[in-house]
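Mind having a look at this structure? Questions to follow.
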Amino acid sequence: MDSAPIRSAVLTGAEPLARNTNLYRFDLDVPLQFEAGQFANLTIPGATPRGERSYSMWAPPDPAGNASVEFAIQLFAGGQASDYLRSAPVGTPFELRGPYGHFTLRGDDPDHPTTAHWFLATSTGLAPFHAMLAAAARAGDPRRFRLLFGCREEQDMFGLAALDALRDRLDFAYSVCLSRPQGATRHNVGRITAHMPAADPAARYYLCGNGAMITEARELLKARGIDRKRIHHEKYW
Ligand SMILES: Cc1cc2nc3c(=O)[nH]c(=O)nc-3n(C[C@H](O)[C@H](O)[C@H](O)COP(=O)(O)OP(=O)(O)OC[C@H]3O[C@@H](n4cnc5c(N)ncnc54)[C@H](O)[C@@H]3O)c2cc1C
């Protein structure tokens, strides 16, 4: 049986981040304690099969627990949660269950120090990495973080100002890969898997977003000699 507590969550805002992607904010009746990278389930009335959908916390955890949570949610035509959230006014009540998941930053093994933590995200798969990076910045984490962020085109990009600010506070760099840019762009052109870093057996690789990217990136990393224990993933759909 699922023992995660249920909280009341009231929608307090939806800020547009990109075309079809909003940052949803919910106030909770009881603060939520979680680790950066974890997710929670939001009840979506009438949604099949489970009546709920999972979303990764965008903002980092507060040691005292978070009285509100934010989710970067991509809405797509015909999606059940997408349709419900698109028309949900501020004040709509939800239920939230969680936290769940083990997609969190791994500690360093003293015998095999990790040279870099590589994050590969498509679309809102950026959310757990934003939470991890913001938590690392807050803690003064000296480790090296690198991110490849895959979007379809420039109108789908979001969160870059937040990533730029994190770049000033961490050993962190990122680049965006656009799979179908419209016209000229200063970003990488092509899917993330066409822009993978040179394989480093001492790095850790974290993949989040659509299943096709995850499968392809995992196979590439393994073919390049990365131990599968150093590859972590969270598949959204
Ligand atoms: C652990 C976990 C964490 C997640 N965190 C996030 C998050 O932070 N932000 C976020 O936006 N989503 C996240 N998701 C995905 C989210 O739970 C829903 O699947 C998504 O919002 C679509 O739900 P829906 O009810 O609108 O679509 P549904 O009605 O459930 O989907 C209908 C169909 O659309 C496909 N589909 C689902 N998502 C997409 C998509 N993005 N683009 C194209 N086709 C799609 C499905 O495969 C399905 O066949 C997460 C999923 C998991 C498992």
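First listed ligand is number 1; within each ligand, the first listed atom is number 1.
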Starting at OH of Tyr24, measure out to CG of Leu85 and round the result to the nearest 0.5 Å. 5.0 Å
Taking a cutoff of less than 4.0 Å between a non-hydrogen atom of the residue and any ligand atom, is Phe71 in contact with ligand 1? no
Arg19 and Glu153 ion-paired at < 4.0 Å: yes
Within the 4.0 Å heavy-atom cut-off, what Pro128 brings close to ligand 1 is neither
Contact check, Met57 vs ligand 1, heavy-atom distance below 4.0 Å: no
Does at least one non-hydrogen atom of Ala47 fall below 4.0 angstrom from an atom of ligand 1? no
Heavy atoms only, cut-off 4.0 Å: how does Tyr55 contact ligand 1, side chain, backbone, both, or neither? both
More than 12 heavy atoms from other groups under 6.0 Å of CZ on Arg152: no
Should the pair Phe149 and Phe158 be assigned to parallel (<30°), tilted (30 to 60°) or perpendicular (>60°) ring geometry? perpendicular
Could you pull out, from His130, Arg86, Gln38, Gln74, the option with a heavy atom nearest to atom 41 (N) of ligand 1? Gln74
I want to know if ligand 1 touches Gly78 in the polar sense, i.e. an N/O pair below 3.5 angstrom. no
Show the atoms of ligand 1 that are less than 4.0 angstrom away from any heavy atom in Ile73. 11 (O)
Ligand 1 and Ala72, any nitrogen or oxygen pair closer than 3.5 angstrom? yes
Have Thr185 and Glu154 got a donor and an acceptor in their side chains that come within less than 3.5 Å? yes
If I apply the N/O under 3.5 Å rule, does Thr124 come out as touching ligand 1? yes
Atom 24 (P) of ligand 1 touched by protein heavy atom at under 4.0 Å: yes
State, yes or no, whether a side-chain contact exists between Pro31 and Asn66 at a heavy-atom distance under 4.5 Å. no
Would you mind reporting whether Met157 and Leu178 have side-chain heavy atoms less than 4.5 Å apart? yes
Can you classify the ring geometry of Phe119 versus Tyr206 as parallel (below 30°), tilted (30 to 60°) or perpendicular (above 60°)? perpendicular
Please classify the Lys235 to ligand 1 contact at 4.0 Å (heavy-atom distances, strictly less than): side chain, backbone, both or neither. backbone
Which of these, Ala81, Ala40, Gly211, Ser54, has its nearest heavy atom closest to atom 52 (C) of ligand 1? Ser54
Closer than 4.0 Å and a protein heavy atom, does any atom meet both conditions relative to atom 48 (C) of ligand 1? no
I'd like the name of whichever of Tyr236, Tyr100, Phe76 reaches closest to atom 27 (O) of ligand 1 through any heavy atom. Phe76
Residue, atom and distance of the protein heavy atom nearest atom 30 (O) of ligand 1 read Arg53 NH2, 3.0 Å
Quick one: which of Tyr24, Trp237, Phe39 has a heavy atom closest to atom 1 (C) of ligand 1? Phe39
For atom 26 (O) of ligand 1, what's the nearest protein heavy-atom neighbour? Residue, atom name and distance, please. Ser82 OG, 2.7 Å
Does any part of the side chain of Leu133, heavy atoms only, come nearer than 4.5 Å to the side chain of Leu163, both counted from C-beta? yes
Ser56 heavy atoms within 4.0 Å reach ligand 1 at atoms 3 (C), 5 (N), 6 (C), 7 (C), 8 (O)
Answer yes when Arg204 and Asp227 have at least one side-chain N-carboxylate O distance shorter than 4.0 Å, and no when they do not. no
Are the aromatic ring centres of Phe94 and Tyr84 under 6.0 angstrom apart? yes
Around Arg180, counting heavy atoms of other residues, nucleotides and ligands shown, do more than 12 lie under 6.0 Å from its CZ? no
Which ligand 1 atoms, with their elements, are less than 4.0 angstrom from a heavy-atom of Gln80? 24 (P), 25 (O), 26 (O), 27 (O), 28 (P), 29 (O)
